[in-house]
Structure formats: structure tokens, C-alpha cells
There are 2 protein chains.
Amino acid sequence: MRVRIEDVAKAAGVSMKTVSRVLNNEPTVRDATRERVQAAAKALNYRPDPSARRLAGRRSYLVALLYDNPSASYVMEALEGVVETCQAHHYGMMVQPLDYTDPELIAGIESLVAISKIDGLILTPPLTDMTALLDRLDELNIPHSCISPNNRRGGIGVTLQEHDAAQDMVSHLVELGHTRIAHIKGHSAHGASDWRLAGYRSGLRRAGLRYDPALVIDGEFSFDSGRAAAEALLALPERPTAIFAANDDMATGVMGVLHERGLSIPGDISVCGFDDTPISRQVFPALTTIHQPVREMAHEATLQLIKAIKDPASGTLVQLPYALQARQSTGPAPGT
Amino acid sequence: MRVRIEDVAKAAGVSMKTVSRVLNNEPTVRDATRERVQAAAKALNYRPDPSARRLAGRRSYLVALLYDNPSASYVMEALEGVVETCQAHHYGMMVQPLDYTDPELIAGIESLVAISKIDGLILTPPLTDMTALLDRLDELNIPHSCISPNNRRGGIGVTLQEHDAAQDMVSHLVELGHTRIAHIKGHSAHGASDWRLAGYRSGLRRAGLRYDPALVIDGEFSFDSGRAAAEALLALPERPTAIFAANDDMATGVMGVLHERGLSIPGDISVCGFDDTPISRQVFPALTTIHQPVREMAHEATLQLIKAIKDPASGTLVQLPYALQARQSTGPAPGT
DNA sequence: TTGAAAGCGCTAACAT
DNA sequence: ATGTTAGCGCTTTCAA
């Protein structure tokens, strides 16, 4: 049979409860005792039984990653960041794909938390921007940490200066001589779409360029919406020399249309995206984009969540740096 | 407090144990009793406590998805297939990213299973092809189900006729008039690489074409290895008119090199891949490839695993159909 | 600072 | 076909 807490207690010459205290890092144990227990646990290769802990402790030591994100690479990166951090902190992880348009969404999350006694949630966009959901979680006192929330409610998690990143991208294009720079917005459910648009506008302003609403097209973060937007932009009387899509998938849609029309990238039109998903290296020419350290963001978000689970007063909103990743899809404006 | 099994028992006028029987679908309950219990459970909105079940039952009702796969979209599709199926069958799911080159791999998996009392494992390539791992799992009687195993050991899970798929792809190219068809092999740790190569060879044979070893290049399933292979093929005295890469990532590498050289796809050279990952639609021109129903495969693999957990004698190897997805990257051979 | 006892909510084993 | 009892391995009381 497997090693139980009692075996460790016996080996260390203490009671079960003391072993339990050591395991859970409770402070009220003498150092000498603590070390003796730790040595015994190690010698016996003791691993606490998760189910027993959960049952007795009335909590799950379980964190759930909730997502509704079309980008597989984004979710996978986040997933791995969360898994690693959970492992290091002896938490388990559940994954829950969700449909953010589902009217039963909140109820579903509530019952997930209730049944599995989830200790805390990690949210990814666009769930991070659903006010009703966040309000309900606050109301129920369910700790939750957001990856890239795009609202102003504080809370805990990790953010990126999306606004500045978009602004930098515009500056990059301006430096290349572009003056007619189009923007394809992201999906309206994502707060990021607004921030990126705002960054685009301040980038123009900073360069002394006029904001032309005709150059801003609605998109949905999808390849197909990128295609549609590109077609709309090419139909303009005076077409742009650069197209800044709010994510990489839309940028690849744009590139497809340009290729079909025999336009050269970046010779005729520069294209750039946002996210630095793996696809940005795989298209031709390789896509200029904004790198997000998604895995580290997930790591940090998990760390903050675990802090908040232990002490609801702690846990903060951490900011991580982005990086403009210039590749071959952006170049000098034609005639520069 | 939450509803417990005792409350349901009281409401239905039976013992706890009978409720437990109904919940676990044990056959030895009269229909009338069963219905009464089910009604009571529903009325009280009773949800069994997973930790208590696990502790008392000495098992976890937990399945783990193990992977070491560079393709995010593949893993995500598989993940969702597994999650949905687990939910439907009241199993929990863990996800465990692994490094298949880690010498501690098997030990790590063993301790995962021991600690979390995992009931069964779902493996994806290349783990499905690691004989030492599979042997050890058999030895320890740990139920495991493979998605796309490429070995001949039987076992349970889901397969695809990879050989036939590759052969069909060659036939597709032959019909387009190609006679110099190159193949870029996949990573040697993946059994799929061998099957796809074998399919390529029988495709040639079926068309009466000679197998030319110079036209077969080693790859590693990565974008960069696709690039390197393409460069090698273009350096050949007589270059191929079609390049069949063993996966989509390598195919995109090939396309990048061809674009750089100013070669037209498919005008000068046709390119095709395997897997039908989302990227195949997003590159230009859209990639001809083989579609795998990964999500359904994961669903079926999970189903078989759950069967095998309940009854080790059951569970089979199910075969699912592939589909050749012809897009714009393949066309008539030059001069046809 | 440490320990003893009493559960946590369920299932296994053994009744009946 | 159903019930009774005794745990599963841990943490929470509460006492020392």
C-alpha cells in the first residue's frame, strides 16, 4: 500500500497533525520538528493523497482555466503556463472550453465551481471582458485571475500595454514612410479591440496624421474577416499603403487577398498583425507583429491567483512587456 | 450545506448504498427503486462530491491526456474531444505536457498515475509510438488509449489509414500530370512518418513511377525543416514538379522558400501537406492536404478508454476516415 | 508548539 | 434486491 501521513508521523516520531502542518506550511511548527518531518517524508517518498486532502479540507486545491478563444496557439501557450505553475504549487488544473455567447455561461461556471469546489479561476479574453461574469464572481467571492483583461475594474491578473503596442506599430509604419495606414479592428466582444484601435489612433496623432474613418474596418479576429476587410480597403478610391490588422489571423487573410490581386508585400502594401502566433513566421513574407509573452503571462496570472486564494486581500494586476517583432511584411512605403 | 447522498436516500426512502448503486449504474436495483432515487436526486439537485467518491472508491474517475506535440491546433482539437467525452461520462480530465526525450518520462508518468490514481491515459503521437512506454503501461495494467498509434501492437484507440491517405495524395498529383514527386519525411520518432513514406512509395508504384531516393528528404515536422528540405530539393540537378510534405508545417516552409525564389505555386511546383491544420487555409495559396478528424478521434479514443477502464477486456482500435482536401497549392504539372 | 478525536461524503465488503 | 458497517487519508476542531 502507499505511504500515508501516519507512516511519516511514525517515522518522524510526531503526530499526524504535525506532519499535516509541515506539509501545508503552517507556521506553528518548531524548525527542528519541521526538518525531521520533511526528512521522513522525503525518505518515504510520501505524496499526500489529493482526494483525501480535498475531502477533509473542504477545498479542491484545484484551479480551472476557462477559455473561449479561437486561437489554438494562444490557448496552448496559456495552458502550459498554467500547468507548470500549478504543478510547482501543488495545485491541480482543470480546463474548460466555453461558449461566451451561451446564455447559460454564468450558471455553467457556477455549477462547475460548486461541484468541483474549484478554488479559483483563470480567465482568458474575451471572458475577461464580460462584466456580468466578473460581477457574479465577485459577488460569490470566487477568486479569479485574468490574462489580458481589457477593462478598468482592477482585479488580479496580467496585462500588456496593448494601447502602447498598437501605437508603436503605427510608429513603425510611419518611420517607413507610410501615411495612409489602415486598421482592421478585432472582435467587438474583446476589449483588446478597443485598446488596439485607440493605440492606432494615438499613433496617427503622434505622427501628425489625420484619422480617416474610411480606413478603419470592422473585423472579427478571423481569417475570413481579414479577407473581407482587405477587399473593402482595396475597393477604396485611394487605397492604403499599409494595413495593420488587430491580430495575426486577420493579417493572413489580408495577405491572401493581396497575393491574389498580384500585389507585392511589402512592395505595394505593408501588412502587420498582433499576437506573434506561430503562423506569423510561417506565412510569406513573414509577418511583422507584436509579441505577447503568453506563457509567462499565464504563469504570472496563476501565481497571483494562488496568492489570492490563500489571502483574498493579496494578488495584484501585473504588467508584462510586449515587443514589436519586425519581419518582412512591412517595408518602405511605395515611392519612398 | 450542500446536498449529500444521505439526503437523497432519505427523500427516496432508501439507504445510502442504494442511492450509490443507482448513481453508478449498478444493475442490481429494481426499476421502480431506481426511478424513485433518480427523481429524488433530481429534485434535490444532487451532485456527488468527486473527492469523496475518489477517496472511498480508491480511484479517481480521472483520465489524463498526455502529449508532446508541437502542433497547438492538433492538441487543442484533441483536448476538446477528450473534455467533452469526459464530461458526458462523469470523468474528470487532467492534461500533461511531456517531453518525450526526457529519460525520466516513464517514471514521471508512473508517479502521475500513482499519485492522482489516474484511471486511464490518452496518448497522442509520438508517445503512441514509444514501445518502452507502452510496454510499461501494459505491465502495470494501466488502461491507455492511443490517438493515431503507428505501430502494430493492437491496443485500444483510434487510427487513420495514413498509408492510404499518403498514397491517395500521390495519386492526386499523378492525375495532375506530375512524375517527379518529392517527399519530405516527418520526424523519425513518429511512426506516422514511416507510414506516410510507405504510402508515398506505393502511390508511385501504383502509377508505375520509379522511386528515386534523391527525392526523399528527412524532415522533422517543423517549419524550418521544411525550408531546409525545399532548399535541398531545389538544388537537385533535375528538380521535382511536386513536393509532398509529411505535414502542413513543413509544407509552409517549402512554400516560403519557393516564394523567395520567385517560383509560382502551383504553376512551377505543386506543394501539399498532411493534417489539415488551420494554417493550411491561411497560407497562400491555400494548401492541399489530408484532413484528419482529430476531435472525433479524441472523442472515440476517450470512449474506448472509458470502456476499458470499466472492463479491461473491452475497448477496441477504431478506424476513422481521412479525406483528401484539395486546395490551390496543387495544380497541373508544368507543360501539361 | 503539539496531539487526540471527530469527521469530510462517499463506496467496499459483508450482511440480510 | 437492499441495508449495515467500516473505513478511504486527510484536515479540522479543540484540548493539552
Side-chain angles (χ1 to χ4, degrees), chain A residues 1-38 40-41 44-62 90-92 114-119 309-310, chain B residues 1-38 40-41 44-62 90-92 114-119 309-310:
Chain A
M1 204 47 210
R2 63 180 289 166
V3 183
R4 288 155 312 156
I5 197 170
E6 208 176 334
D7 304 320
V8 179
K10 216 165 278 172
V14 296
S15 74
M16 262 168 63
K17 180 61 214 178
T18 299
V19 178
S20 169
R21 286 195 179 94
V22 172
L23 261 46
N24 292 288
N25 286 311
E26 288 177 35
T28 62
V29 181
R30 251 208 321 249
D31 282 356
T33 316
R34 179 183 301 278
E35 278 162 33
R36 201 145 34 87
V37 170
Q38 280 166 341
L44 295 172
N45 190 27
Y46 171 66
R47 302 274 156 217
D49 181 300
S51 300
R53 280 183 89 196
R54 288 170 189 164
L55 180 58
R58 293 155 190 79
R59 37 183 299 230
S60 63
Y61 301 88
L62 217 53
H90 301 103
Y91 269 74
I115 294 170
S116 299
K117 299 204 193 83
I118 302 288
D119 287 346
I309 289 170
K310 288 182 179 148
Chain B
M1 202 48 209
R2 63 179 290 166
V3 182
R4 289 156 310 158
I5 198 170
E6 211 177 332
D7 304 322
V8 179
K10 216 165 281 173
V14 297
S15 75
M16 263 167 61
K17 182 61 212 182
T18 299
V19 178
S20 169
R21 285 196 178 96
V22 172
L23 262 46
N24 293 288
N25 286 312
E26 288 176 36
T28 62
V29 181
R30 244 204 331 240
D31 281 356
T33 315
R34 178 181 303 276
E35 280 162 31
R36 203 144 33 88
V37 170
Q38 281 165 340
L44 295 172
N45 191 27
Y46 169 68
R47 302 272 156 219
D49 180 302
S51 302
R53 281 182 89 195
R54 288 171 190 164
L55 181 56
R58 293 153 189 80
R59 38 184 297 231
S60 63
Y61 301 89
L62 217 53
H90 303 103
Y91 270 74
I115 293 169
S116 298
K117 300 204 191 82
I118 302 287
D119 287 347
I309 288 170
K310 289 183 178 149

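We use all heavy atoms of the structure for the numbers below, so side chains are in, but hydrogens, waters and symmetry mates are not. All chains are named by letter (A, B, ...) in the order of the sequence lines, taking the proteins before the strands, and each is independently numbered beginning at 1. Source: prediction; values computed, not measured.
Look at A:K10 and A:D7 and you find no salt bridge, because none of the NZ, NE, NH1 or NH2 atoms lies under 4.0 Å from a carboxylate O. Salt-bridge formation is detected for the pair B:K117/A:D49: a Lys NZ or Arg NE/NH1/NH2 atom is positioned less than 4.0 Å from an Asp or Glu carboxylate oxygen.
The interatomic distance linking A:D31 (CG) with C:dT2 (P) rounds to 10 Å, in whole Å. Rounded to an integer number of Å, the gap from CG of B:L23 to P of C:dA12 is 12 Å. Between the CD1 atom of B:I5 and the P atom of D:dG3 there is a distance of 12 Å, given to the nearest Å. If you take CD of B:E6 and P of D:dT4, they are 11 Å apart, rounded to a whole angstrom. Distance B:N24 CG to C:dA12 C1': 12 Å, rounded to the nearest Å. Atoms CZ (A:R36) and C1' (C:dG3) sit 14 Å apart, rounded to a whole Å. With rounding to whole Å, A:L55 atom CG is found 12 Å from D:dG7 atom C1'. Residue B:R4 contributes atom CZ, which lies 10 Å from atom C1' of C:dC8 at whole-angstrom precision.
A:R54 comes within 4.0 angstrom of nothing in the nucleic acid, heavy atoms only. Contacts of B:Y46 with the nucleic acid, taken as non-hydrogen atoms under 4.0 Å apart, involve only primed sugar atoms and P, OP1 or OP2. If you check every strand for non-hydrogen atoms under 4.0 Å, A:T28 touches a base. Residue contacts for B:T33: at a heavy-atom cut-off of 4.0 Å it reaches the sugar-phosphate backbone alone, with no base atom in range.
Map B:S15 and B:G57 each onto its nearest nucleotide of DNA chain D; the residue landing nearer the 5' end is B:S15. Ranked by how close their nearest DNA chain C nucleotide is to the 5' end, A:M16 and A:R30 are led by A:R30. Heavy-atom distances to DNA chain D give each of B:R58 and B:R34 a nearest nucleotide, and the one nearer the 5′ end belongs to B:R34.
Residue A:S20 has no polar side-chain atom (N or O) positioned under 4.0 Å from OP1 or OP2 of D:dC10. Note on B:R53: a side-chain N or O is less than 4.0 Å away from OP1 or OP2 of C:dT11.
Side-chain atoms of B:R53 and B:L23, non-hydrogen and from C-beta on, never get closer than 4.5 Å to each other. You'll find the side chain of B:T33 stays beyond 4.5 Å of the side chain of B:R21, heavy atoms only.
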Residues A:D119, A:L62; criterion side chain to side chain contact (heavy atoms under 4.5 Å, CB included); working and verdict: CA-CA 6 Å; A:D119 287 346; A:L62 217 53; 5.6 Å; no
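Interface remark: the B:R21 side chain does form a donor-acceptor pair with the D:dT2 base, using a distance-only criterion of under 3.5 Å.
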